[in-house]
Asker: 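One structure, pasted below without further comment.
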There are 2 protein chains.
Amino acid sequence: MCELRDVLDRVGDKWSVLLMAILGGGPRRYSELRRAIDGISQRMLTLTLRSLERDGLVLRTVAPTTPPQVSYELTPVGKTLSTEVSTLIRWAERHREYVSVSRRIYDAK
Amino acid sequence: MCELRDVLDRVGDKWSVLLMAILGGGPRRYSELRRAIDGISQRMLTLTLRSLERDGLVLRTVAPTTPPQVSYELTPVGKTLSTEVSTLIRWAERHREYVSVSRRIYDAK
DNA sequence: CAGGATCCTAGTGGATACTG
DNA sequence: CAGTATCCACTAGGATCCTG
């Protein structure tokens, strides 16, 4: 049951899904990710990438140059999770109106 | 973009998914839910149910008896979210071994 | 460039006690 | 039975500064 918690936590955390969505477009470097994601702190970018890497969802590659060039990309398994999540995103799009109306009704009391 | 955050937060919070999974089996009363979910506090059970109700995912019905009987059930839209999430659960089952092996490898350094 | 190290705050959620 | 109210601990995450 706890591997389920892991996955749900991953989907629910603030940056993982967004990060995987961007990496779905192909490999990106650290600084590219930082620029692409408005509002993320260096700390959280690094932490989230490390966590994704640890779970085998993202691959980190260091080019031995100076200065170093580090690029990140989804692993095959990372891609499958990314597509699973995208069905959830479509659900959100289809039902956002319903949810917001429900809330207005609920809050009106 | 923010209705997406709402959905992801919902999936990522500690009790919503578990609660919806149980309600997927049909209407349940407050005390039934409390017993069914090991470890949930009254506070979080109430808060989570209110939040699901507010979003139109769960319907709350009060029978005017003494003592009151309150039952909860998934709305039609709540059911659709529940099935979407179940695909995520299947992903977790299929890849839990991969993830745990990845972690062991990562942690070994 | 790609981070690591610290400090600090806001929000999440548990424990407990009380109520119509 | 089905909650509400309060207090408290823990953690996620932002800001800032430093480094190979």
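Every chain is numbered from 1, with letters handed out A, B, ... down the list of sequences. What you see below is based on every heavy atom in this structure, not just the backbone, and it leaves out hydrogens, waters and symmetry mates.
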Asker: Can you see if the side chain of A/Tyr30 gets near the phosphate of C/dG4 - specifically, an N or O under 4.0 Å from OP1 or OP2?
Answerer: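 For C/dG4, neither OP1 nor OP2 has a side-chain N or O of A/Tyr30 closer than 4.0 Å.
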Asker: Could you tell me the separation between the CG atom of A/Leu33 and the C1' atom of C/dC1, rounded to a whole number of Å?
Answerer: 13 Å
Asker: Closest to the A/Val70 side chain: C/dA2, D/dG14, D/dA2?
Answerer: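 So the nucleotide nearest the side chain must be C/dA2.
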Asker: Looking at B/Ser31, does any N or O in its side chain come under 4.0 Å of the phosphate oxygens OP1/OP2 on D/dA2?
Answerer: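 So the side-chain polar atoms of B/Ser31 do come within 4.0 Å of the phosphate oxygens OP1 or OP2 of D/dA2, strictly under.
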Asker: Atom CD of A/Glu32 and atom C1' of C/dG3: how far apart are they, to the nearest Å?
Answerer: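 In whole Å, C/dG3 C1' lies 16 Å from A/Glu32 CD.
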Asker: Figure out the OH/C1' separation between B/Tyr72 and D/dA2, and round it to whole Å.
Answerer: 7 Å
Asker: Using the side-chain heavy atoms of A/Lys14, tell me which of these nucleotides is nearest: D/dG3, D/dG13, C/dG13.
Answerer: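 It is D/dG13.
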Asker: Kindly say whether A/Leu57 contributes a backbone atom to a donor-acceptor pair with the side chain of A/Thr75 at under 3.5 angstrom?
Answerer: yes
Asker: Indicate yes or no: at least one non-hydrogen side-chain atom of B/Arg10 is less than 4.5 angstrom from one of B/Ser51.
Answerer: yes
Asker: Do B/Leu33 and B/Leu23 have side-chain heavy atoms sitting under 4.5 Å apart?
Answerer: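 Side-chain contact under 4.5 Å: yes.
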Asker: Nearest to the side chain of A/Pro68 - C/dG14, C/dC1, C/dA17?
Answerer: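 Closest nucleotide among those given: C/dC1.
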Asker: May I ask you to evaluate whether B/Arg43 reaches the phosphate of C/dT12, defined as a side-chain N or O under 4.0 Å from OP1 or OP2?
Answerer: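 Negative; the distance criterion is not met.
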Asker: Of the options D/dG14, D/dG3, C/dG3, whose atoms approach the side-chain atoms of A/Arg50 most closely?
Answerer: C/dG3
Asker: Rounding to a whole Å, what distance do you find between A/Leu45:CG and C/dA2:C1'?
Answerer: 10 Å
Asker: According to a strict under-4.0 Å criterion, is B/Arg34 in side-chain N/O contact with OP1 or OP2 of D/dG3?
Answerer: no
Asker: If only side-chain N and O atoms of B/Arg29 are considered, is one of them under 4.0 Å from the OP1 or OP2 phosphate oxygen of D/dC1?
Answerer: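 For B/Arg29, the contact criterion (side-chain N or O under 4.0 Å from OP1 or OP2 of D/dC1) is not met.
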Asker: Which residue pairs satisfy the salt bridge (charged side-chain N to carboxylate O under 4.0 Å, His left out) criterion with at least one member in residues 94-103 of chain A, sequence neighbours excluded?
Answerer: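 Checked against salt bridge (charged side-chain N to carboxylate O under 4.0 Å, His left out) - neighbours excluded - the pairs reaching residues 94-103 of chain A are A/Arg103-B/Asp6, A/Arg103-B/Asp55.
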Asker: Taking the minimum atom-to-atom distance to the side chain of B/Met44, which one of D/dG14, C/dG3, C/dG14 wins?
Answerer: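 Between D/dG14, C/dG3, C/dG14, the one nearest the side chain of B/Met44 would be C/dG14.
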